Amino acid sequence: MTTVLLTGATGYIASHTWLALQAAGFDVVGLDDFSNSSPEVLNRLRELSGREPVFERASVCDAAALEGLFERHRIDAAVHFAAFKAVGESTQQPLAYYANNLGGLVTLGQAMQRHGIKRFVFSSSATVYGDPESLPIREDARLTATNPYGQTKLMGEQILRDLGTADSAWQTACLRYFNPVGAHDSGRIGEDPRGTPNNLMPYVAQVAVGRRPILQVFGNDYPTPDGTGVRDYIHVVDLAEGHVAALNRLLDFPGSLTVNLGTGRGHSVLELVAAYARASGREIPYHVVPRRPGDVAACWADPALARTQLGWTAKHGLDRMCADSWRWQALNPNGFEA
Ligand SMILES: NC(=O)c1ccc[n+]([C@@H]2O[C@H](COP(=O)([O-])OP(=O)(O)OC[C@H]3O[C@@H](n4cnc5c(N)ncnc54)[C@H](O)[C@@H]3O)[C@@H](O)[C@H]2O)c1
């Protein structure tokens, strides 16, 4: 049995990946400090998997805690999700972002090295492409970061490349996620942002459920078909399956890889709003406000490399993403809070 350490385990993407890994026959050890998630996630995972979650509450920046974890559990690989992820906040608090996102990665890498564990899957992001020069975006596109959060992803990838150069026994997978949305089809786990959602779909979900009165659409004068921003939305369950595929690849073949995890299709803000209105049967009132600094006009993946390298493609379309998001939101109007 292969045992995988998930850092940031009770977060949005990791909780879905936890279930996908168990379904694929992996054992999971979860680690999270609950800085951006709820312990209630563990109850939901227990209920959905029928198994007691193996979990430790600690920061991935805490070397002593990691040491204890690796002594208590025989780990074969790590999937490192734990990070802060709010772009705007990262420009206000760069030190906190570098300390947590890069400090965590380095501390985890050192602990793994001490224990001879050298398979590492990293949550990177399409943000490393900045404002893309051409679409769809291939992995060999120019890389640039426009904010400290993006820098932590670029530098995280670099650290892992340097590790592989120094010691070819290290096998790393940098997974560049496009825009994860949706929820598990049970409606029991999903995205539960704290405060005002930074991303479009959770915001739309909160408008649909009546938690927020109106959606602000940031700009309708982009050079896109309807003038609103276009993104490659990917169902979180497809994304979770991408991690299973990446781990299997690291287990079966030597070497490291960097791949996009996206669908290869772009949808505009207004397309998403219309799809969500259909899925929820609710009206989504919106008004257009000026562009948000730092937002790009359009961004979607070339997913070909993931298909050839991982044998993975996204299966779910926008309607399914909205339907699953809405089920989660309607059943849990206040997220994981009772
Ligand atoms: N959601 C997106 O749009 C998106 C896109 C691209 C990349 N990513 C990356 O994917 C990863 C997961 O994102 P998510 O959307 O699930 O976010 P999330 O905030 O829901 O999950 C991150 C989890 O990490 C935990 N965490 C943070 N710092 C920690 C630390 N020092 N020690 C232990 N736990 C810690 C948080 O409590 C949270 O549970 C992140 O690395 C993020 O940067 C997310």
Side-chain angles (χ1 to χ4, degrees), residues 5-18 29-42 44-45 55-63 65-66 69 78-90 93 96-108 111 120-129 145 147-157 160 174-184 189-195 197-203 231-237 239-240 242-243 246 259-262 299 301 321 325 335-336:
L5 170 65
L6 291 193
T7 74
T10 44
Y12 171 46
I13 304 169
S15 55
H16 291 80
T17 304
W18 190 321
V29 174
L31 173 95
D32 205 294
D33 63 0
F34 299 131
S35 55
N36 198 39
S37 56
S38 163
E40 173 61 17
V41 173
L42 296 170
R44 307 286 174 99
L45 290 172
F55 177 80
E56 301 208 0
R57 178 179 189 164
S59 170
V60 73
C61 301
D62 181 341
L66 287 182
L69 186 148
V79 186
H80 180 45
F81 292 99
F84 295 154
K85 63 168 183 175
V87 168
E89 188 181 67
S90 81
Q93 302 172 31
Y97 273 69
Y98 288 115
N100 196 49
N101 294 8
L102 293 178
L105 188 153
V106 169
T107 308
L108 175 62
F120 194 117
V121 178
F122 176 53
S123 298
S124 187
S125 167
T127 194
V128 299
Y129 298 118
N147 54 69
Y149 168 72
Q151 283 290 358
T152 69
K153 294 301 177 189
L154 265 183
M155 292 162 87
E157 288 195 4
L160 294 178
C174 294
L175 306 181
R176 294 178 178 158
Y177 313 156
F178 279 66
N179 292 71
V181 296
H184 192 261
I189 56 171
E191 185 169 13
D192 181 20
R194 293 190 173 165
N198 291 308
N199 295 335
L200 178 62
M201 193 175 289
Y203 205 108
R231 296 289 180 276
D232 184 338
Y233 296 99
I234 174 169
H235 197 297
V236 65
V237 170
L239 191 60
H243 292 76
V259 293
N260 290 336
L261 294 182
C299 171
M321 300 179 209
S325 163
F336 289 107

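Predicted model only: the values in this text are computed from it and were never measured. Every number for a ligand or one of its atoms is a count from 1 in the order of the listing.
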> N101: what forms a side chain to side chain contact (heavy atoms under 4.5 Å, CB included) with it, not counting sequence neighbours?
Replying inline: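 N101 satisfies side chain to side chain contact (heavy atoms under 4.5 Å, CB included) with A83, F84, Y97, Y149, T152 once adjacent residues are dropped.
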> V237: what forms a side chain to side chain contact (heavy atoms under 4.5 Å, CB included) with it, not counting sequence neighbours?
Replying inline: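 V237 satisfies side chain to side chain contact (heavy atoms under 4.5 Å, CB included) with H16, H235 once adjacent residues are dropped.
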>> As an exercise, identify every atom of ligand 1 less than 4.0 angstrom from a heavy atom of S123.
In response: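 In order of number, 9 (C), 10 (O), 11 (C), 41 (O).
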> Which ligand 1 atoms does F81 reach within 4.0 Å, using its non-hydrogen atoms?
Replying inline: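 Checking each atom against F81, I get 11 (C), 12 (C), 40 (C), 41 (O).
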> If you measure from atom 33 (C) of ligand 1 to every heavy atom of L66, D33, L31, which option wins on shortest distance?
Replying inline: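 The option holding the nearest heavy atom is D33.
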>> I want to confirm something. Looking only at heavy atoms, which of P180, C61, A126 is nearest to atom 3 (O) of ligand 1?
In response: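 Among P180, C61, A126, the closest heavy atom to atom 3 (O) of ligand 1 comes from P180.
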> Does any N or O atom in S35 lie less than 3.5 angstrom from one in ligand 1, N or O only?
Replying inline: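 For ligand 1, there is an N or O atom that lies under 3.5 Å from one belonging to S35.
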> Is Y149 close to ligand 1, meaning an N/O of one under 3.5 Å from an N/O of the other?
Replying inline: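 Indeed, backbone or side chain, Y149 has an N or O that close.
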Judged by non-hydrogen atoms, does [X] sit under 4.0 Å from ligand 1?
X    : result
S15  : no
D32  : yes
K153 : yes

> Any idea how F122 and H80 line up, ring-wise: parallel (<30°), tilted (30 to 60°), or perpendicular (>60°)?
Replying inline: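 If you compare the ring of F122 with that of H80, the planes turn out parallel.
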